[in-house]
Amino acid sequence: MNVFSTIKELIVEAINAEVSVGGLPSGLKTGAVTAELPRDASHGDISTNAAMVLAKPAQMKPRYVAEKIVGRLLVADGIVSAEIAGPGFINIRLEPSRWQGVVREVLKAGVTFGDSNLGQDSLVNVEYVSANPTGPLHVGHARGAVFGDALAALLSKAGYAVTKEYYINDAGAQVDSLARALHFRYLEALGEKTPEDFAAAAEAGEVEYAGEYLKGVAKALADRDGDKWLGADTEGRLAPIRAFAIDAMMDMIRDDLAMLGIVQEVFTSERSLVDAGRVDVAIDDLEKEGLVYTGVLEPPKGKKPDDWEARPQLLFKASEFGDDIDRPFKKSDGSWTYFASDVAYHRDKFDRGFSEMIDVWGADHGGYVKRMQAGVKALSAGKGTLHVKLCQLVRLFDNGEPVRMSKRTGKFVTLRDLIDAVGKDVVRFIMLTRKNDAQLDFDFAKVTEKSRDNPVFYVQYAHARIHSVFRHATEVLAGKDLSDSSLAQADLSLCSDPDELAVMRSIASWPRTIETAALAHEPHRIAFYLYDLAAQLHGLWNRGNDDAEMRFLLADEPERSLARLALIRSVAVVIASGLDVFGVEPVKEMR
RNA sequence: GGACCCGUAGCUCAACUGGAUAGAGCACUCGCCUUCUAAGCGAGAUGUUGCAGGUUCAAGUCCUGCCGGGUCCA
């Protein structure tokens, strides 16, 4: 139970008490009542909108309602003052001991401080990356990968039972094309073709996936099968070579993800769903609901209907579920559309018990969102929810200069390049410093800079500073027990400076930050929270430069020193806990 | 033509999902190292939240219509 929910309960109790004596009308809903840190610290410790929310349903003036509530709050335990301000806010001040108690809580709970039961163990499926198995991951994938992973960790900290999943698009034309490219490289490995032949074919558009990475795979294939596929006809060799290629690509992708510290639990193959007839079943069931019909779509407006032909096809009534038009389930050749197999896939997730699904996609799939959400509504009879988080693109810079990428030559910046250049932790943190639907600039020079401008460095520095103090503390306070459990016994009433109390308030709002970030699906809020907390720590540290009394370690005041150590140790714990959600290692020393 | 996302200080971005006087960093000016890492800290200045309406006690946030940028459209 964190301070804010405790106070909110006090407020609700106060309201109910007034209701019971007839001071307020009965039947008031307190769901919209909040208890939060006011933006301006001079407004007190905690402020509530209770009076303004209740004024209308109670048919009373906000300030009148506020007076009723304030009268009750003033006699409540731990509340120093409660004042009415502005249009009807109630500003509450708490006993310092309330905040000081938070430090003890953190020291006892460790990095589990901030854990919440908000999700009540309900199942959530987070699907992310899901890159086509046709090559190594590149920068664009990195953002979705890190975002999805952090969101999963965040939800899990907020009490949801999270499954991290990857959908393998191994049934489309791309993997056939991959198989052709691998076959070419295989011929090259056997000496039947030259690299020049390959380059020429790639230039002519006859073969895709010109990156070097298939060479090793081709060699492995040749080692395993020898010249088995040399004379085989196209039909005969396609499936086995494709399977070999997909396995190799998925191994590579898993390695790439592992470098980022990402391990997903479930990998679902599109082909396996198709082969098992799951698409037929899913569409059949929709058909039974009367949601599938054969019809003719209007041509897209404003586009030249050059190759447009009005043709009857199998359609899904997406427009009944919020989409703009109905969507085709079958292509002209009679095979399922991607949408059809995606419906089957989401049906599969729903059948596995996930009524809440989160898909992390690149922004270029934005046009697909409504259709998929319509599909999920239909296949789950309205019981399933699909949230789609679109990640905008990442622009790479080096010292302000854009880094050019070319997919055509196969020389795009890979995830590996990125990690090799700046390290896993920097990649992860920086990718989370922006809202997912905002474009992100990644500057190689800036993200490794050692300055306040670089949030990774700044937060890590705060953590390292705290450990530095503890290294010195073993000398200054020789013989004292500096363990967390011992520090939890420190006399925290000795930490009563306004700046120290402000740090405690920030720490106290960590559980709330987790909950609001989880509800909003916005891990970036944690990055900003950590940055602010780091700033407070650096500020407190520097108070010691101006005023020796404010230094954390005072040789002649061991009790006060222990209290301050307890405080900054709790800051370190919260920073570590935040970085843990991000999958970033907190450092104990800057090098 | 339509759909989705974005538009906040000179620049890069926040704003606790509707709360009080819209905040940080960079850049600019000034101050702080005999000290636990100055790789840092403090102070000053910066706004018609793209434009116009609407909803209400309260709008950067929600609704409508425009303008500009991006993405997508069998």
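So that the names make sense, note that chain A is the first sequence line, chain B the second, and so on, each numbered from 1.
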| request: Would you mind classifying the nucleic acid contact of A:E449 as base, sugar-phosphate or nothing, using non-hydrogen atoms under 4.0 angstrom? | output: nothing
From NZ of A:K446 across to C1' of B:rC26 the rounded distance in Å is 7 Å
Against the side chain of A:M590, the closest entry in B:rC36, B:rG19, B:rA39 is B:rA39
*Taking atom C1' in both B:rU34 and B:rU29, what distance in whole Å separates the two?*
28 Å
A:F457 has its side chain closest, among B:rG40, B:rA20, B:rC5, to B:rG40
Taken in chain and number order and not counting sequence neighbours, the residues that satisfy ring-ring contact (aromatic ring centres under 6.0 Å, His included) with A:H365 are none
Validation: residues 500-508 of chain A side-chain donor-acceptor distances under 3.5 Å, sequence neighbours left out:
unit_1: A:E500; atom_1: OE1; unit_2: A:S496; atom_2: N; d: 3.2
unit_1: A:E500; atom_1: OE1; unit_2: A:D497; atom_2: N; d: 3.2
unit_1: A:E500; atom_1: OE2; unit_2: A:R564; atom_2: NE; d: 3.1
unit_1: A:R505; atom_1: NH1; unit_2: A:D45; atom_2: OD1; d: 2.9
unit_1: A:S506; atom_1: OG; unit_2: A:A502; atom_2: O; d: 3.3
unit_1: A:S506; atom_1: OG; unit_2: A:Q536; atom_2: OE1; d: 2.6
unit_1: A:S506; atom_1: OG; unit_2: A:Q536; atom_2: NE2; d: 3.3

Sorted by chain and number, sequence neighbours left out, side chain to side chain donor-acceptor pair (under 3.5 Å) with A:D484 holds for A:R569
B/S/- along nucleotides 56-67 of chain B (protein heavy atoms under 4.0 Å) is SB----------
Rounded to whole Å, CG of A:D453 lies from P of B:rA24 at a distance of 16 Å
TODO: Please work out if A:N91 contacts a base, only the sugar-phosphate, or nothing of the nucleic acid, heavy-atom cut-off 4.0 Å.
DONE: base
* Asked: Any ion pair linking A:K389 and A:D359 (charged N to carboxylate O, less than 4.0 Å)?
  -> no
Requested in this report: Flag the pair A:H524 / A:F147 as yes when their ring centroid distance falls below 6.0 Å, and as no otherwise.
Outcome: no
Residues at least two apart in sequence or cross-chain that pass ring-ring contact (aromatic ring centres under 6.0 Å, His included) with A:H346, listed by chain then number, are none
- Task: Please find out if less than 6.0 Å separates the ring center of A:F552 from that of A:H472.
- Result: no
Given the C1' atoms of B:rU56 and B:rG18, what is the spacing between them in whole Å? 10 Å
Ordered by number, residues from residues 362-375 of chain A within less than 4.0 Å of RNA chain B (heavy atoms) are A:A363, A:D364, A:G367, A:K370
Touch check for A:T34, heavy atoms < 4.0 angstrom, all strands: base, sugar-phosphate only, or nothing?
nothing
Stems field, RNA chain B, Watson-Crick or wobble, 3.5 Å, at least 3 pairs, by first number, holds B:1-7 with B:67-73, B:10-13 with B:23-26, B:28-32 with B:40-44, B:50-54 with B:62-66
Residues 326-336 of chain A vs side-chain hydrogen bond (donor to acceptor under 3.5 Å, both in side chains), sequence neighbours excluded, gives A:Y293-A:D326, A:S319-A:D326, A:D323-A:R327, A:D333-A:S335
Per the under-4.0 Å heavy-atom filter, residues of residues 524-543 of chain A near RNA chain B come out as A:H524, A:R525, A:F528, A:Y531, A:H538, A:G539, A:W541, A:N542
Do A:T337 and B:rA74 have a side chain to base donor-acceptor pair shorter than 3.5 Å?
no
Using distance only, find each side-chain donor-acceptor pair of residues 430-444 of chain A under 3.5 Å and give its atom names and separation, not counting sequence neighbours.
unit_1: A:T433; atom_1: OG1; unit_2: A:I430; atom_2: O; d: 2.6
unit_1: A:N436; atom_1: ND2; unit_2: A:L390; atom_2: O; d: 2.9
unit_1: A:D441; atom_1: OD1; unit_2: A:R395; atom_2: NE; d: 2.9
unit_1: A:D441; atom_1: OD1; unit_2: A:R395; atom_2: NH2; d: 3.1
unit_1: A:D441; atom_1: OD2; unit_2: A:R395; atom_2: NH2; d: 3.0
unit_1: A:D443; atom_1: OD1; unit_2: A:N399; atom_2: N; d: 2.8
unit_1: A:D443; atom_1: OD1; unit_2: A:A445; atom_2: N; d: 2.9
unit_1: A:D443; atom_1: OD1; unit_2: A:K446; atom_2: N; d: 3.3
unit_1: A:D443; atom_1: OD2; unit_2: A:N399; atom_2: N; d: 3.3
unit_1: A:D443; atom_1: OD2; unit_2: A:G400; atom_2: N; d: 2.8

Picking from B:rA20, B:rG42, B:rC36, the nucleotide nearest the side-chain atoms of A:H43 would be B:rA20
Judged by nearest nucleotide, the residue sitting upstream toward the 5' end of RNA chain B, A:N49 or A:D437, is A:D437
The salt bridge (Lys or Arg N to Asp or Glu O under 4.0 Å) partners of A:E67 (sequence neighbours excluded) come to none
Nearest heavy-atom contact between A:A35 and A:R512 is O-NH1, 3.4 Å
With a cut-off of less than 4.0 Å, is there a side-chain N or O of A:R465 near OP1 or OP2 of B:rA38? yes
query: With a 3.5 Å cut-off and no angle check, do the side chains of A:E356 and A:T385 form a donor-acceptor pair?
result: no
Taken in chain and number order and not counting sequence neighbours, the residues that satisfy side chain to side chain donor-acceptor pair (under 3.5 Å) with A:S483 are A:D481, A:S485
